[in-house]
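Every heavy atom of this structure was used, including side-chain atoms; hydrogens, water molecules and symmetry mates were not.
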Number of protein chains: 2
Amino acid sequence: MKTSTLMMVAERAGVSTATVARVLKGKGYVSEDARSRVETALRETRYRPNAMARGLRQQRSFTVGHMLTAITANPFFVNVAHWAEEEALVHGYKTFLFNHNGMAERERLGVEHFIERRVDAVLFTNAVDPANVRLLQAAAIPVVQLERVALAEAPAIVVDNRVGALQAMRHLIELGHHRIAFMGGDPSLIAPYGKHVPSVEQERLGAYRDALAAAGLEQPEGAVRLGRYYNIEDGGSGIEGYRHMKDLLALASRPTAIFATCDILAAGALQAIYEAGLRVPDDISLIGFDDTIGMNLTPALTTVAQPMQELGRAGFRAALAAIEERTLDAAPPLASRLVLRRSTAPAR
Amino acid sequence: MKTSTLMMVAERAGVSTATVARVLKGKGYVSEDARSRVETALRETRYRPNAMARGLRQQRSFTVGHMLTAITANPFFVNVAHWAEEEALVHGYKTFLFNHNGMAERERLGVEHFIERRVDAVLFTNAVDPANVRLLQAAAIPVVQLERVALAEAPAIVVDNRVGALQAMRHLIELGHHRIAFMGGDPSLIAPYGKHVPSVEQERLGAYRDALAAAGLEQPEGAVRLGRYYNIEDGGSGIEGYRHMKDLLALASRPTAIFATCDILAAGALQAIYEAGLRVPDDISLIGFDDTIGMNLTPALTTVAQPMQELGRAGFRAALAAIEERTLDAAPPLASRLVLRRSTAPAR
DNA sequence: TTGTAAGCGTTATCAG
DNA sequence: CTGATAACGCTTACAA
């Protein structure tokens, strides 16, 4: 049985479509008699409004597109997407996900899909190419960037990576660690666009250096390892962290603590340490970033949590504001924060 | 600048909408002259077809809904969804995700969303309530169940859990393990619907028992731990596996190998083992299931991989066949297979 | 080779 | 209080 139309409901109830529409929206005058007839007709036909017809008529789809970077490689994106969707649902919207896997052409394809579907706004949890963001703006579709900004001119909800990173470093320092290594994203590699804003990578690395300096500690030679967080193609394997850690372990004077600015990096580091027959946190302390797979690692990882829920929710709300043409005052960055688990201990 | 319409393009090119439509679809006769004028008009106006209008007219949305169980708790779902989407894209479709988190009412809500959006078909990567599947059937929307079947009357693409599980067990037995424990889903708990079909849990547990029997081995007392795989609410924490493992470690004669039928369970087990000061695989061998987070655990987990890519792809293809009213011969179950990594070693 | 026009299922305006 | 009716943007007979 195909889904029925407003017209069919109207006929069955012996009224016009306008009357059915009135009871559906609960506004406008309808006699008790008509109302009840319509209501039973609605039930009997199992009427479900046709979102395409409605969208066409109202010139909005009640859908927002959400462009993601690496849904299979890093759970971070799934989480942000999940919470954005949750918030969207509350407001009667649905989200449409699209994964670009770090490829600009792919992102372009997604953007065109979004335009064709006439989404009411688009969330980018990481745009790769600012040109794609502009494409949307040219089509008069509001855009909100989450976590990272690719196009400085477009609104964004970002995270204060510095607070959490500083907490992490202070924690390590308080535990008495003097030789602390860093592994993370290479600022020059990861943020080719939007150099104007301090990038996520700059914030994290900066916090590491500043905390060290504030404590009068040296940055151990060869202890800052920069690169990518993971390869999207291999499904987020941690191999990068594994390699960094191998090198770190081979250092003349081995670090006693590591600050890895991604849980996936930390996962690889953990494997290298284990292979070397060392124990975390007994021999080496380790802190991650994001709070994604950290809780499932061995030992459970102390990590800097990103506010994924707030990112998603605030992201959608910002999009909604834009859709409704309300101006939203630029929100301050959301805080990151240290989550203590079992991968850190006093230096020996 | 709002997106332009076919009408606007037609006017600009000095032709009718029908002609524009003809060049757009590349079929029907159009003079070279008209064609080139249309093409430039198309470019100049940055025309993008309106999917809602098209859908309304054609009575199909080129969208399929994909109902997921626990996108944030278990990467399995993300992967299946990803590949289904990938296949969909190839055929000009998009997928619409919806996460029910194990709650029937939530799933119901999602189904109604799908109906309103007039998706052309729905994939269930795990339906909770067969009634919701029926709702779609009543609306004449084709349905395909992936991995698990909640409604025996609806088509499904399933996995042969037995092959992989047997491989895993044989591997352990060949390594000389005699006391092998099992932790996994409770058949009575997890498949309240569709008892007619052998459930995933029955297959896995059955393979464990059969392999033991075939090798003339005993099922060690207290060594079969049944329950849930994880709690969706805590984001897939592995705590269940942790608890199982604690108990297993307290057994009078401790198992030398564990077959955990979910990587998340295995993650928790790994933590308990580590805490006890034991090493994997030196002291205890461990095999997981799914091949999701296994590669990121320490040590990298030997696990039975589910064919997530094929599940997603074949799932979409089955849906497409149903949409196009082609009858598809019931496909045989997809195979699971053992992936060797570093968590198994000879018994000592 | 091209144009006209009738829908698809809603919403919204405007008379009655 | 209620009912016609005109869009929304596209596809597709059918005419010309």
Side-chain angles (χ1 to χ4, degrees), chain A residues 1-39 41-42 45-63 92 115-120 139-141, chain B residues 1-39 41-42 45-63 92 115-120 139-141:
Chain A
M1 183 200 65
K2 279 260 158 224
T3 330
S4 50
T5 70
L6 243 200
M7 185 66 185
M8 292 160 69
V9 175
E11 263 172 23
R12 184 178 198 108
V15 295
S16 73
T17 60
T19 300
V20 180
R22 277 186 280 261
V23 347
L24 240 24
K25 324 212 82 71
K27 59 192 277 192
Y29 299 95
V30 180
S31 67
E32 255 327 303
D33 179 46
R35 156 164 283 116
S36 78
R37 264 170 23 240
V38 167
E39 272 164 358
L42 245 19
T45 58
R46 286 122 142 285
Y47 173 76
R48 291 271 125 216
N50 180 324
M52 292 187 293
R54 177 191 308 221
L56 181 58
R57 176 61 228 241
Q58 301 200 138
Q59 297 291 76
R60 47 200 294 214
S61 60
F62 293 94
T63 300
I115 297 179
E116 296 198 359
R117 301 271 161 173
R118 297 297 190 270
V119 298
D120 299 329
I141 297 175
Chain B
M1 181 201 63
K2 277 262 160 220
T3 330
S4 50
T5 70
L6 244 202
M7 184 67 186
M8 291 159 70
V9 175
E11 263 171 23
R12 186 180 195 108
V15 296
S16 72
T17 60
T19 299
V20 180
R22 277 187 279 262
V23 346
L24 239 25
K25 323 211 83 70
K27 59 191 278 191
Y29 299 95
V30 180
S31 67
E32 256 327 305
D33 179 48
R35 155 163 286 116
S36 78
R37 264 171 22 242
V38 168
E39 271 163 358
L42 245 19
T45 57
R46 284 123 142 284
Y47 173 75
R48 289 274 126 215
N50 180 324
M52 291 186 294
R54 179 196 307 233
L56 182 58
R57 175 60 226 243
Q58 303 201 134
Q59 297 290 77
R60 47 200 296 211
S61 58
F62 292 92
T63 300
I115 297 179
E116 296 198 359
R117 301 272 162 173
R118 297 298 189 270
V119 298
D120 299 330
I141 297 175

Set out, line by line, the N/O atom pairs under 3.5 Å between protein and nucleotides 6-10 of chain D.
unit_1, atom_1, unit_2, atom_2, d
D:dA7, N3, A:Arg57, NH1, 3.2
D:dC8, O3', A:Gln59, NE2, 3.4
D:dC8, O2, A:Arg57, N, 3.4
D:dG9, OP1, A:Gln59, NE2, 3.1
D:dG9, N2, B:Ala53, O, 3.3
D:dC10, OP1, B:Tyr47, OH, 2.4
D:dC10, OP1, B:Asn50, N, 3.3
D:dC10, OP2, B:Leu6, N, 2.4

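Separating the CZ atom of A:Arg60 from the C1' atom of C:dT10 is a distance of 15 Å, rounded to the nearest angstrom. For B:Glu11 and C:dG3, the CD to P distance is 12 Å, given to the nearest whole Å. B:Arg35 places its CZ atom 10 Å from the P atom of C:dT1, with the value rounded to the nearest Å. If you take CZ of B:Arg117 and P of C:dT10, they are 14 Å apart, rounded to a whole angstrom. What separates CZ of A:Arg22 from P of C:dA12 is a distance of 12 Å, to the nearest Å. Computed from coordinates, the A:Leu24 CG to C:dG9 C1' distance equals 12 Å when rounded to whole Å.
Residues A:Leu6 and A:Tyr47 share a closest heavy-atom pair of N-CE1, 3.4 Å. Scanning all heavy atoms of the two residues, the minimum distance from A:Ser61 to B:Met52 falls at CB-SD, 3.9 Å.
Considering only heavy atoms from C-beta on, B:Asn50 comes within 4.5 Å of A:Leu56 through its side chain. Using a 4.5 Å heavy-atom threshold, the side chains of A:Leu24 and A:Leu42 count as touching. At least one side-chain heavy atom of A:Val38 sits less than 4.5 Å from a side-chain heavy atom of A:Val15.
In summary, the side chains of B:Arg117 and A:Thr63 do present a donor paired with an acceptor at a separation below 3.5 Å, with no hydrogens or angles considered.
Listed candidates were D:dC1, C:dT2, C:dT1. Nearest to the side chain of B:Tyr29 is C:dT1.
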